[in-house]
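Remarks on the structure that follows.
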Amino acid sequence: MASGMNIINANALCVLVLVAMAAGSWAQQQLSTGFYSASCPGAQAAVRSAVESAIGKETRIGASILQLFFHDCFVQGCDGSLLLDDTAGFQGEKTAAPNNGSVRGFEVVDDAKAAVERICPGVVSCADVLALAARDSVVLVTAGPSWEVKLGRRDSTTASFAGANANMPAATSGLRELTDLFANQGLSQKDMVALSGSHTLGQARCVNFDIDSGFAGTHRSSCSSNSVSGDGNSLAPLDLQTPLVFENNYYKNLVDRKGLLHSDQELFNGGVTDQQVRSYVDNQSVFFADFLAGMIKLGDISPLTGTNGQIRKNCRRIN
């Protein structure tokens, strides 16, 4: 009898797993590049205009928006949960350790959403606005590679402070931890190495740098010159050579032992990902192709579609 019950339970578990997989696959199928072609054909142009204006004022903001998209998708999926402000009765994700004092660019998403609302009120989600803004940031900063963004996400009415603390890779993460955290989101180790190339743009807090001693002097000077408080919160470019160009120098730096974050250098540290890093050094177009494939997969993480969630009027609060 016990053996028979075990078989029944195992079969039931298999059915549940298959149902969950089918539901996830169906949710992703509901996303499409032409989702707003009839309901809001001007949405993409409106978002692009807002991002272009923001980058015109501060080039660094492009990298910040790209980071914002990563941090949103790694917690509850790409649902705009990171955009929600804390209230007296609601704790969001903005003050979680990986986000607090690190993620920025919320006002750009606000502006892009407002621009879309003016032409198509109540149609385009904040989650989709952020996905489009992330793509436009890569393209507009330095004419980086572009991709067709799948759309149709809806906005979450919840957030997860605990999930934000648990799910995000840290500057101190090793290769195994990085691989596991990406795998938890349905992303392969190959995706992880390719998506890490986003660090070819942007800056990081100097306190997080873990660099080769022979390279330390250069960045000590850079951190000092950019210091505001002297407490390690000053910023320096992740790619000192070309911090405003989206290309493969990030990987060249790793091969030269000039990765600024421990988590960066772990990608080229005598391990299984060394060969992939070298392939990106040898051929930038291979990196671009893998990065775009990774960004599309990233955008597919657990979207809310159909009647799930809502279309927020204001990205910072639930309707």
Side-chain angles (χ1 to χ4, degrees), residues 63 66-67 69-71 73-74 97-98 102 138 144-145 165-223 232 234-298 301:
L66 184 58
Q67 180 191 29
F69 184 57
F70 272 81
H71 283 232
C73 290
F74 264 62
S102 176
V138 173
N165 279 321
N167 294 353
M168 294 305 307
T172 56
S173 295
L175 183 61
R176 173 42 55 193
E177 182 181 9
L178 291 169
T179 301
D180 289 345
L181 287 170
F182 274 74
N184 289 343
Q185 306 299 333
L187 299 169
S188 68
Q189 189 175 70
K190 179 180 179 181
D191 297 325
M192 182 264 292
V193 177
L195 290 172
S196 295
S198 62
H199 283 181
T200 190
L201 299 175
Q203 303 184 61
R205 293 192 300 160
C206 294
V207 70
N208 289 327
F209 290 174
D210 179 17
I211 56 181
D212 180 270
S213 59
F215 188 46
T218 302
H219 267 80
R220 189 177 297 114
S221 173
S222 177
C223 284
S234 53
L235 301 170
L238 285 164
D239 178 357
L240 186 61
Q241 299 163 304
T242 53
L244 299 178
V245 182
F246 195 96
E247 25 74 309
N248 64 345
N249 267 352
Y250 165 79
Y251 299 102
K252 294 178 182 178
N253 292 338
L254 299 185
V255 172
D256 291 339
R257 308 298 301 178
K258 294 181 179 179
L260 296 188
L261 305 180
H262 176 78
S263 55
D264 286 335
Q265 195 58 61
E266 280 288 282
L267 304 185
F268 190 86
N269 198 25
V272 295
T273 56
D274 283 13
Q275 184 176 354
Q276 186 179 348
V277 170
R278 287 192 184 278
S279 74
Y280 294 162
V281 171
D282 294 338
N283 193 330
Q284 180 170 272
S285 62
V286 173
F287 160 51
F288 281 4
D290 288 351
F291 178 81
L292 300 190
M295 287 300 296
I296 292 170
K297 287 180 67 175
L298 177 72
I301 298 175

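Starting from 1, each residue takes its place in the sequence as its number.
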### Task
Indicate the atoms forming the closest heavy-atom contact of N165 with P98, along with that distance.
OD1-CD, 3.4 Å
### Query
Distance-only, no hydrogens or angles: does the D191 side chain make a donor-acceptor pair with backbone N or O of S188 under 3.5 Å?
yes
### Message
If you take the centroid of each ring, where Trp contributes its six-membered ring, are Y280 and Y250 closer together than 6.0 Å?
### Response
no
### Task
Take T273 and E266, measure what side chain to side chain donor-acceptor pair (under 3.5 Å) needs, and give me the verdict at the end.
CA-CA 9 Å; T273 56; E266 280 288 282; over 6 Å; no
#### Entry: Test side-chain contact (heavy atoms from CB on, under 4.5 Å) applied to F70 - qualifying residues, sequence neighbours left out
L66, L195, S198, M295, L298
### Heavy-atom pair of closest approach, residues L267 and S196
CD1-CB, 3.6 Å
### N/O donor-acceptor pair under 3.5 Å between Y251 side chain and A194 backbone
yes
### Task
Look at the side chain of Q185 and the backbone N and O of L187, then say whether any donor-acceptor pair between them is shorter than 3.5 Å.
no
#### Entry: Atom pair OG1 (T179) and NZ (K190), whose distance is rounded to the nearest 0.5 Å
14.5 Å
### Query
Using 4.0 Å as the upper bound for N to carboxylate O, is an ion pair formed by R278 and D274?
no
### Message
If I take atom CD from residue Q276 and atom CD from residue Q189, how far apart are they, to the nearest 0.5 angstrom?
### Response
7.5 Å
### Message
For the NE2 atom of H71 and the CE atom of M168, what is their distance to the nearest 0.5 Å?
### Response
3.5 Å
### Query
Taking all atoms of both residues into account, what is the closest heavy-atom pair of A166 and L181, and its distance?
O-CD2, 3.8 Å
### Query
I301 and C73: which non-hydrogen atoms are nearest, and at how many Å?
CG2-O, 3.7 Å
## Note on the structure
In this structure, CG of L178 is separated from OG of S173 (nearest 0.5 Å) by 5.0 Å
### Query
In Å, rounded to the nearest 0.5 Å, how long is the span from CD of Q265 to CZ of R257?
4.0 Å
#### Entry: Donor-acceptor pair, side chain of D256 and main chain of K258, under 3.5 angstrom
no
### Task
Measure from the side-chain N and O atoms of T200 to the backbone N and O of N248, and report whether any donor-acceptor pair falls under 3.5 Å.
no
### Task
Report the C-alpha separation of T172 and S263 in whole Å, then their side-chain angles, then the decisive distance to 0.1 Å, and conclude whether the side-chain contact (heavy atoms from CB on, under 4.5 Å) test is met.
CA-CA 6 Å; T172 56; S263 55; over 6 Å; no
### Query
For the residue pair F246 and P145, what are the closest heavy atoms and their distance?
CD2-CD, 3.5 Å
### Task
Nearest 0.5 Å please: distance from the CZ atom of F268 over to the CG atom of L175.
12.5 Å
